[in-house]
Amino acid sequence: MTRPHVLLSVAVSLDGHIDDRGTERFPLSNAEDFDHVDRMRAESDAILAGAETLRRDNARLLVYSEERRAQRIAEGKPELPLRVTVTRSGDLDPDLLFWHCGGPCLVYTKSPTTTVDHLAETKIFSDFPEILDDLGARGVRKLMVEGGTSIHTAFLAAGLADEIRVAVAPMLIGQATAPRFVNPAEFPGGPARRFHLEDVAKVGDVAVLRYFPKVTS
């Protein structure tokens, strides 16, 4: 069985935060980078975000460019990638935008039932490799993972990420309890392991770094 290529995508402040402590999503990136992210979504077969990201951001995980959606159709693909979320508790708000736009979505859960069984296909999982096996069996060849912290941590701790795209924003959040890219964990190779840096690009005032974490520098 072929597992998908896993791309982790994240925007961080200079002091390593992915958001502030406010109730509204804090815009770290810029319009040029948002457009680049939209292009990567269009090139993916599935987009995944954790349940907490859906709750906090009311994320839809759509491809917004009409031209890119049309190109997917011309290539024989669905207009939008499969949208995926992961939840331990199964407690998901049925009113979130995620369920009501953009076609089918898929929920991986550790609970026998969820609050959205009537809105989405649900599948029980035990670990993250099992999720990749199931997505691979569904024909997903490229998976874009957009967070949040616990999801990125899980993929990296299990050694499942093939690529990391980090957009570094020129600002400081400065709040000790603001969320970060990853939580403390035992990552493969430990702190001595250096990832391969594939590319650095300037996108407006944002620096975009591409790392291949399965390749040692």
Hey, any chance [X] and [Y] share a hydrophobic cluster, counting ILVMFWY side chains that come within less than 4.5 Å of each other, even indirectly?
X	Y	result
Leu156	Leu209	yes
Val116	Leu106	no
Val168	Phe181	yes
Val12	Tyr211	yes
Val86	Leu8	yes

Could you tell me whether the side chain of [Y] reaches within less than 4.5 Å of the side chain of [X], counting heavy atoms only?
X	Y	result
Cys101	Leu62	yes
Leu119	His100	yes
Asp133	Arg3	yes
Ser111	Thr87	no
Phe155	Leu132	yes

Roughly how far, to the nearest 0.5 Å, is the [atom2] atom of [Y] from the [atom1] atom of [X]?
X	Y	atom1	atom2	result
Ser217	Glu198	OG	CD	11.5 Å
Ile47	Ser9	CD1	OG	10.0 Å
Thr113	Ile124	OG1	CD1	8.5 Å
Leu54	Glu146	CG	CD	10.5 Å

Indicate the atoms forming the closest heavy-atom contact of [X] with [Y], along with that distance.
X	Y	result
Asp20	Phe26	OD2-CD1, 3.5 Å
Thr53	Gly147	OG1-C, 3.4 Å
Ile173	Ala178	CG2-CB, 3.9 Å
Arg56	Gly22	NH2-O, 2.9 Å
Ala167	Val206	CB-CG1, 3.7 Å
Pro213	Ala161	CG-O, 3.2 Å

Are the side chain of [X] and the backbone N or O of [Y] linked by a donor-acceptor pair below 3.5 Å?
X	Y	result
Lys202	Gly204	yes
Ser65	Arg68	yes
Arg165	Leu7	no
Asp38	Tyr64	yes
Arg83	Phe98	yes
Asp15	Leu172	no

For Glu52 and Ser150: C-alpha separation, side-chain torsions, deciding distance, then whether side-chain contact (heavy atoms from CB on, under 4.5 Å) applies.
CA-CA 9 Å; Glu52 185 57 34; Ser150 62; 5.8 Å; no

Over 12 foreign heavy atoms within 6.0 Å of NZ, Lys123:
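Open: at most 12 neighbouring heavy atoms sit under 6.0 Å from NZ of Lys123.
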
Are more than 12 heavy atoms, taken from residues, nucleotides or ligands other than Arg39, located less than 6.0 Å from that residue's CZ atom?
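Yes, because the 6.0 Å sphere around CZ of Arg39 holds more than 12 heavy atoms from other groups.
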
In terms of the angle between their ring planes, are Phe212 and His196 parallel, tilted or perpendicular, with boundaries placed at 30° and 60°?
tilted

Show your working on side-chain contact (heavy atoms from CB on, under 4.5 Å) between Leu143 and Ile131 and close with a plain yes or no.
CA-CA 11 Å; Leu143 172 66; Ile131 291 176; 5.7 Å; no

Pair His17, Gln175: side-chain N/O donor-acceptor within cut-off below 3.5 Å:
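There is no such pair (donor and acceptor under 3.5 Å, judged by atom type) between the side chains of His17 and Gln175.
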
Donor on one side chain, acceptor on other, Gln71 and Glu67, under 3.5 Å:
no

Could you point out which residue of Asp134, Thr122, Thr85 forms a side chain to side chain donor-acceptor pair (under 3.5 Å) with Tyr108?
Asp134

Of the options Lys142, Arg141, Glu163, which is the one that meets His5 in a side chain to side chain donor-acceptor pair (under 3.5 Å)?
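Option passing the side chain to side chain donor-acceptor pair (under 3.5 Å) with His5: Glu163.
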
Using the side-chain contact (heavy atoms from CB on, under 4.5 Å) rule, take Val37 and Met144 through it: C-alpha gap first, then chi angles, then the decisive distance, then the call.
CA-CA 10 Å; Val37 169; Met144 184 173 177; 3.8 Å; yes

Step-by-step side-chain contact (heavy atoms from CB on, under 4.5 Å) determination, Arg88 to Thr109:
CA-CA 5 Å; Arg88 293 181 181 276; Thr109 178; over 6 Å; no

Please list every donor-acceptor pair under 3.5 Å in which a side-chain atom of residues 89-97 meets a protein atom from a residue at least two apart or in another chain.
residue	atom	partner	partner atom	Å
Ser89	OG	Asp91	N	3.1
Asp93	OD1	Asp95	N	2.9

May I ask you to say whether Arg72 pairs ionically with Glu75, meaning some side-chain N is under 4.0 Å from a carboxylate O?
no

Contacts satisfying salt bridge (charged side-chain N to carboxylate O under 4.0 Å, His left out) that involve residues 173-193 (not counting sequence neighbours) are none

